[in-house]
Number of protein chains: 2
Amino acid sequence: MNVSPPKSALNVSCEECPLLCSDSFRAFSREELEFVSAFKRGELASSTGSSILLEGSNSPHLYTVLSGWGFRYKMLEDGRRQILNYIFPGDFVGLQNALHTEMQHSVEALSDMVFCVFERSRIYELYVKQPELGFDITWLAAREEQMLDEHLLSIGRRTAIERAAYLLAFLSDRAAAVGLFEKNSRIEPLTQQHVADTLGLSLVHTNKTLRKLCDNDTIAWHDSGFEIRDAEKLKEIAGWPGVSGLARPFL
Amino acid sequence: MNVSPPKSALNVSCEECPLLCSDSFRAFSREELEFVSAFKRGELASSTGSSILLEGSNSPHLYTVLSGWGFRYKMLEDGRRQILNYIFPGDFVGLQNALHTEMQHSVEALSDMVFCVFERSRIYELYVKQPELGFDITWLAAREEQMLDEHLLSIGRRTAIERAAYLLAFLSDRAAAVGLFEKNSRIEPLTQQHVADTLGLSLVHTNKTLRKLCDNDTIAWHDSGFEIRDAEKLKEIAGWPGVSGLARPFL
DNA sequence: CGTACTCTTGACCATATTCAAGAGACGTGG
DNA sequence: CCACGTCTCTTGAATATGGTCAAGAGTACG
């Protein structure tokens, strides 16, 4: 669990943000883009396995994922870990702490990642000057809540195999929505330990559960990653319809 | 599961909102109060066991809890139910669906409740005219996320007795923050079935787990409700520090 | 070539579920 | 007033699901 050296550089101006090309995101006015560009403080690059935010630490920043993916998690004192949700390009990170000075969760990179960095102290300004962007942030928070609700239902009430099917379908849908892993359709890197810590299961039992899905030919597990072989069957097993594909905002 | 007849009446003007007296909430400017008053559409009263919002339905409204308490939940097709979170006075309900037309969860009243009703379609107006109130909504959404994060950690990684201890301490803290159940310090009405559906456990196992806490003299269970006997021991068992008591906004 | 990481499997054990039955409280209608 | 159904809590026994322990195989990397 090494903390990456925070490399900072303002490489991409918001007007040329690569996310603007994607269908998944809403269109922005020129004025909005200019404002966000001025609001943006720089970029942060971090590599696989490194921590961006740590529970209990004090960050004056908010982040938007520009590229790569990772996850948010919490830990109990004795080391038990629960992965709360995954973060993908366009996701906003750090909001959960608008209220506390101390972070209530940690964030770790799965792949190499780049973040846009914003200053927490200036966020109120955004609500005053660009109400629509303020509204967008609420939209994103509401969306995160929806995902957490579904995760809660999953961990609380679905069986091991249903949970696993749900998670893999969920990750696949979210990745597809932002065009991640399009080339080889393999979602990686992700270990079975990550899956276990997301599902609230032990590593061994997670392995046996994934094995059933492999034997089914519903998925294929490769070294540190997986491939969806039958997305419909996965969703059927999970009893889950999939994520909504409405155009969404981002910062 | 009967749907209450929606009684509507504008009984309380926001300037005399009883929640304003509480220490838990932030102070509002006169202008803000006037705006919210104009924004408020009426009140909705519902009684124990009745549904305010139903998953899959289509509500043009947002609500703030004025009095009483209840819970949000989701269900799987075969009837398995997961309680996602509890709602207390000052809590904002329905935001999770700023994006969808269809509700993604249901809300049910535990006690008799009264809600303030707002129109979903006019919420953007609030962001433009009263940015601080828009910011407050985001604040509330972030707070809800934090609670869901902790619930997820609990269900995913805590043992049955730790989960139970966490839930009871959580409910006690939240109720205390808004002055609910001050008279007799009994948190009610709540059945062990509710507790089970929150913890992701079966009713029988929940009963046996609560029994241990009773034998411990950590809590006392009465008919449809419980009493905290040793809050510190509860939090110690759960490995949970308690909710933060910062002044919070509401609508 | 050795070490670390990930996945895999089997055996045994712990935890939680299901099934079943009964007790006590409460409200309703005869 | 009592009989009845309903709701909530309780308990025991049998069963299933998932956890822990242990060991080994394959791969990557220094």
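Note that this is a predicted model, so its numbers are computed, not measured.
If you look at Phe115(B) and His61(B), their ring centroids are not closer than 6.0 Å.
For Ser224(B), the listed nucleotide lying nearest its side chain is dC9(D); candidates were dC9(D), dT8(C), dC7(C). With dG19(D), dT8(C), dT17(C) as the choices, the nucleotide that has an atom nearest any side-chain atom of His205(B) turns out to be dT17(C). Of the candidate nucleotides dG19(D), dT20(D), dT11(D), dT20(D) has the atom nearest to the side chain of Val204(A). The side chain of Lys208(A) sits closest to dA11(C) out of dT10(D), dA11(C), dC7(C). Of the candidate nucleotides dC9(D), dG18(D), dC7(C), dG18(D) has the atom nearest to the side chain of Ala160(A).
The interatomic distance linking Leu203(B) (CG) with dC19(C) (P) rounds to 13 Å, in whole Å. Summarising the geometry, the separation between CZ on Arg158(A) and C1' on dA16(C) is reported as 20 Å, rounded to the nearest angstrom. Atom C1' of nucleotide dA25(D) and atom CG of Asp223(A) are separated by 12 Å, given to the nearest angstrom. With rounding to whole Å, Glu162(B) atom CD is found 10 Å from dA16(C) atom P. Nucleotide dT6(C) holds its C1' atom 8 Å from the CD atom of Gln192(A), rounded to whole Å. Straight-line distance from the CG atom of Leu210(B) to the C1' atom of dA16(C): 14 Å, rounded to whole Å. Straight-line distance from the CZ atom of Arg80(B) to the C1' atom of dT17(C): 13 Å, rounded to whole Å. Distance CG (Asp215(B)) to P (dT11(D)): 8 Å, rounded to an integer number of Å.
Look at Asn207(A) and you won't find any side-chain N or O under 4.0 angstrom from OP1 or OP2 of dC7(C).
For His151(A) and Ser154(A), the side-chain atoms include no donor-acceptor pair closer than 3.5 Å. When only modelled atom types and interatomic distance are considered, Tyr73(B) and Thr198(B) share no side-chain donor-acceptor pair under 3.5 Å. Residues Asn58(A) and Glu102(A) have side chains that never bring a donor and an acceptor to within less than 3.5 angstrom of each other.
No salt bridge links Asp197(B) with Lys74(B); every basic N to acidic carboxylate O contact stays at or beyond 4.0 Å.
In terms of position along DNA chain C, the nucleotide closest to Leu190(A) lies nearer the 5' end than the nucleotide closest to the other residue of the pair Leu190(A) and Ser202(B).
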